[in-house]
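The next block holds one structure in the form of C-alpha cells; read it before the comments.
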Amino acid sequence: MISPHIIAAPEFDLEKTLHSGQVFHWSAVGKGFAAAISEMPVYVEQEGPILRVDKAQAAMIARYFALDHRLPVIIDTFRKDPTMDQALRFSKGLRIIRQPLWECLATFLTSAVKQVQHIRAMSLAIRKRFGRKLMGTGFEVYSYPSPEVLAKAPIEAFLECRLGFRARNLLETAKIIASGEIDLEHLQGLPTEAVRAELCRLPGVGEKIANCVLLFAYERLDAVPIDVWIGRVLKEIYFANCSTVSMRELKAFSTEYFGCYAGYAQQYLFHHWRMTYRRRR
DNA sequence: ATCCAGGATAGCG
DNA sequence: CGCTATCATGGA
C-alpha cells in the first residue's frame, strides 16, 4: 500500500463475502486479497472490524463492499425460521457487493451450469488474454476487458478460455453492448422489471442470470436468482411435503416469503447450503 | 464411468 | 403454458 489507511468495517467478513459465489476474480495475497475493481488494482486485508487499504482508494472500496448496507436492519426484515436462522449464523458478515455492470454481466453469462471454481478459471483466462495487466505494490491483477474488445475477438479465443457453449453467448452479447443497442449504465435509472426485460434480450441471459446481475451490480436487493442450490433449499425445506413444485411457485414463494431484501436472504441460504451440503448428507 | 455444476433455448404437445 | 433434449467442460 502506498499510503496505508484504515476503514471501519463492522458486520463485515471479507473472506466470506469473496467466497460466496457472487464475485469470481479475487485472489489471496499476503494476509489479504487482491483484484481489479474496474481499472484499479486493489489490495484489501481485514483484521477484526477494520480493513487496511490504500488511502486514495478507501471511499471506492467502502462503496464496492457495500459497507453502508445496514445488515441488522436488513436481517430484521427476514421471516425467521430454523433454516434461515442457521444460514444467518453461518453467513454472518457476508455482504452483497456493488460490482461494475459489464464485468458482472459478462462473468455471470459464463456461469451457466458451471462450478464456482470453473467460473473463476474462465474469468481469469479472459482477463489475462484480453484485459489490462495492472501493477499494484507487490502484486498484479487483470482488469475485465470492455465489450468493444471482446466484440472484436474470434470465437476460437473464447473456446481456448474453456467457455464451451457459453463462448457464442459472450461474443454476441459483447457485440450488442458495444454497438450501443443496449446501454447498461442507462438501465440504472429504470424500474427493476424493465432492467430485467432488457437484460433478458441478450443471448444467454435468462431470468436467473438477469437476477444475478440485478442483485450483484444493479443494487436491486429484492432480486432472487433461483439456481440449483436455491431450488434444493426451497424444495427440501419450504415445500417439504409437496411431490412436485413448479418453477413459477418457487419464484412466487421466494419473493413473497423473504421480503424486500429477498436477494440477501437468498444469498445466505445459497452460501450455507453450498458450503455444507455434502457434509449434511 | 456416471453424475453434476449459481442455465438458456428451441422444439414439442 | 409446461416439459425435454441439447449445448461444452471439468471436478466430484
Side-chain angles (χ1 to χ4, degrees), chain A residues 16-26 87 90-91 94-97 99 103-126 129 154-174 176 182 196-218 220-221 223-236 242-252 254-255 258 262-281:
Chain A
K16 212 176 282 181
T17 297
L18 296 179
H19 290 161
S20 67
Q22 60 176 313
V23 66
F24 304 93
H25 67 293
W26 287 79
F90 187 84
S91 305
L94 197 170
R95 285 172 186 267
I96 289 177
I97 70 177
Q99 298 181 50
E103 63 178 67
C104 182
L105 166 62
T107 303
F108 273 100
L109 193 49
T110 68
S111 74
V113 211
K114 272 296 183 190
Q115 294 180 355
V116 168
Q117 60 175 323
H118 299 151
I119 303 170
R120 292 181 60 89
M122 291 184 287
S123 167
L124 181 60
I126 291 171
R129 179 145 183 174
I155 186 112
E156 290 77 14
F158 296 129
L159 293 173
E160 286 165 15
C161 292
R162 317 311 290 164
L163 265 66
F165 65 82
R166 304 152 196 85
R168 173 191 274 286
N169 291 333
L170 181 58
L171 178 57
E172 296 306 315
T173 290
I176 293 174
I182 292 180
R196 186 180 289 118
E198 285 301 292
L199 292 175
C200 286
R201 290 173 54 203
L202 298 164
V205 179
E207 198 167 339
K208 188 271 174 183
I209 290 177
N211 280 333
C212 287
V213 181
L214 283 165
L215 180 61
F216 301 131
Y218 283 95
R220 311 302 164 102
L221 300 181
V224 179
I226 299 181
D227 72 323
V228 290
W229 292 102
I230 295 301
R232 238 170 238 163
V233 182
L234 295 179
K235 286 174 191 167
E236 289 188 25
C242 302
S243 53
T244 60
V245 188
S246 71
M247 189 60 187
R248 182 177 156 7
E249 290 179 282
L250 293 182
K251 287 188 274 195
S254 57
T255 53
F258 294 112
Y264 251 104
Q266 166 277 148
Q267 190 64 11
Y268 290 160
L269 290 173
F270 171 85
H271 180 62
H272 181 217
W273 277 63
R274 189 174 76 85
M275 301 304 280
T276 62
Y277 192 72
R278 223 164 266 291
R279 209 185 326 156
R280 276 203 313 281
R281 290 249 133 191

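Chain letters run A, B, ... following the sequence lines, proteins first, then strands; residues in each count from 1. Note that this is a predicted model, so its numbers are computed, not measured.
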Worksheet item: Over how many whole Å does the gap from A:Ile119 atom CD1 to B:dG7 atom C1' extend?
Response: 11 Å
Worksheet item: Who pairs with A:Phe216 by ring-ring contact (aromatic ring centres under 6.0 Å, His included), at least two apart in sequence or on another chain?
Response: A:Phe108
Fill in: Residue list, ring-ring contact (aromatic ring centres under 6.0 Å, His included) with A:Tyr218, at least two apart or on another chain
none
Worksheet item: Is there a stack between A:Phe108 and B:dG6, judged by ring centres under 5.5 Å and planes under 30°?
Response: no
Worksheet entry | Residue pairs fulfilling salt bridge (charged side-chain N to carboxylate O under 4.0 Å, His left out) with at least one residue in residues 162-172 of chain A, sequence neighbours excluded | A:Glu172-A:Lys175
Response to the item:
Sorted by position of nearest nucleotide on DNA chain B, 5' first, the leading residue of A:Gln267 and A:Leu202 is A:Gln267
Response to the item:
Separation of B:dG7 atom C1' from A:Leu105 atom CG, nearest Å, is 14 Å
Worksheet item: For the pair made of CD in A:Gln115 and P in B:dG7, what is the distance, rounded to whole Å?
Response: 11 Å
Fill in: Base-pair map of DNA chain B as dot-bracket, where | denotes pairing with a different strand and pairs are Watson-Crick or G-U under 3.5 Å
.||||.|||||||
Worksheet item: Just one of A:Tyr277, A:Trp229, A:Phe90 clears the ring pair (Phe, Tyr, Trp, His ring centres under 6.0 Å) bar with A:His272, so which one?
Response: A:Phe90
Just the table, please: protein N/O against nucleotides 10-12 of chain B N/O, every pair under 3.5 Å.
none

Item to complete: Can you establish whether the number of heavy atoms outside A:Lys16 located under 6.0 Å from its atom NZ is more than 12?
Response: yes
Worksheet entry | Interatomic distance where CG belongs to A:Leu94 and C1' belongs to B:dG6 [whole Å] | 14 Å
Discussion item. If I pick the P atom on C:dT6 and the same atom on B:dC3, what distance separates them, to the nearest angstrom?
Written reply: 15 Å
Item to complete: Could I get the full list of salt bridge (Lys or Arg N to Asp or Glu O under 4.0 Å) partners for A:Arg196, not counting sequence neighbours?
Response: A:Glu193
Worksheet item: Please give, in whole Å, the distance from B:dA5 P to A:Tyr277 OH?
Response: 8 Å
Worksheet entry | DNA chain B-proximal residues of residues 208-218 of chain A, any heavy atom under 4.0 Å | A:Lys208, A:Ile209, A:Phe216
Worksheet item: Is there a side-chain contact between A:Gln266 and A:Val233, using heavy atoms and a 4.5 Å cut-off?
Response: no
Discussion item. I want to check something: taking the side chain as every heavy atom from C-beta on, are A:Leu202 and A:Ile209 in contact at a cut-off of under 4.5 Å?
Written reply: no
Worksheet entry | Position toward the 5' end of DNA chain B (nearest nucleotide), A:Val205 or A:Ile230 | A:Ile230
Response to the item:
Whole-Å distance, A:Arg201 CZ to B:dT9 C1', equals 17 Å
Discussion item. The criterion is side-chain hydrogen bond (donor to acceptor under 3.5 Å, both in side chains); which residues satisfy it with A:Ser246, sequence neighbours excluded?
Written reply: A:Glu249
Worksheet entry | Heavy-atom closest contact (A:Pro203 atom, A:Ile176 atom, distance) | CD-CD1, 3.7 Å
What N/O pairs connect the protein and nucleotides 4-8 of chain C at under 3.5 Å? Give each pair on its own line.
residue	atom	partner	partner atom	Å
C:dA8	O4'	A:Phe165	N	2.9

Worksheet entry | A:Leu234 vs A:Val245 side-chain heavy atoms within contact, under 4.5 Å | no
Worksheet item: When rounded to the nearest Å, what value does the distance between C1' atoms of C:dG2 and B:dG6 take?
Response: 23 Å
Worksheet item: So what does A:Ile226 hit on the nucleic acid, given a heavy-atom distance under 4.0 Å: a base, only sugar-phosphate, or nothing?
Response: nothing
Worksheet entry | side chain to side chain contact (heavy atoms under 4.5 Å, CB included) partners of A:Thr244, counting only residues at least two apart | none
Fill in: A:Phe270 CZ - B:dA5 C1' separation (whole Å)
10 Å
Discussion item. Using only atom types and a distance under 3.5 Å, with no angle test, would you say the side chain of A:Ser254 pairs donor to acceptor with the backbone of A:Lys251?
Written reply: yes
Worksheet item: Within the structure shown, what part of the strands sits under 4.0 Å from A:Gly204 by heavy-atom distance: base, sugar-phosphate, or nothing?
Response: sugar-phosphate
Practice prompt. May I have the distance from A:Leu199 (atom CG) to B:dT9 (atom P), rounded to whole angstrom?
Written response: 12 Å
Practice prompt. Apply salt bridge (Lys or Arg N to Asp or Glu O under 4.0 Å) to A:Arg129 and list each qualifying residue two or more places apart in sequence or on a separate chain.
Written response: A:Glu160
Please tabulate, for the side chains in residues 115-126 of chain A, all donor-acceptor contacts under 3.5 angstrom to protein atoms that are two or more places apart in sequence or on a different chain.
residue	atom	partner	partner atom	Å
A:Gln115	OE1	A:Gln117	NE2	3.2
A:Arg120	NH1	A:Trp26	O	3.3
A:Arg120	NH2	A:Trp26	O	2.5
A:Ser123	OG	A:Arg127	NE	3.2

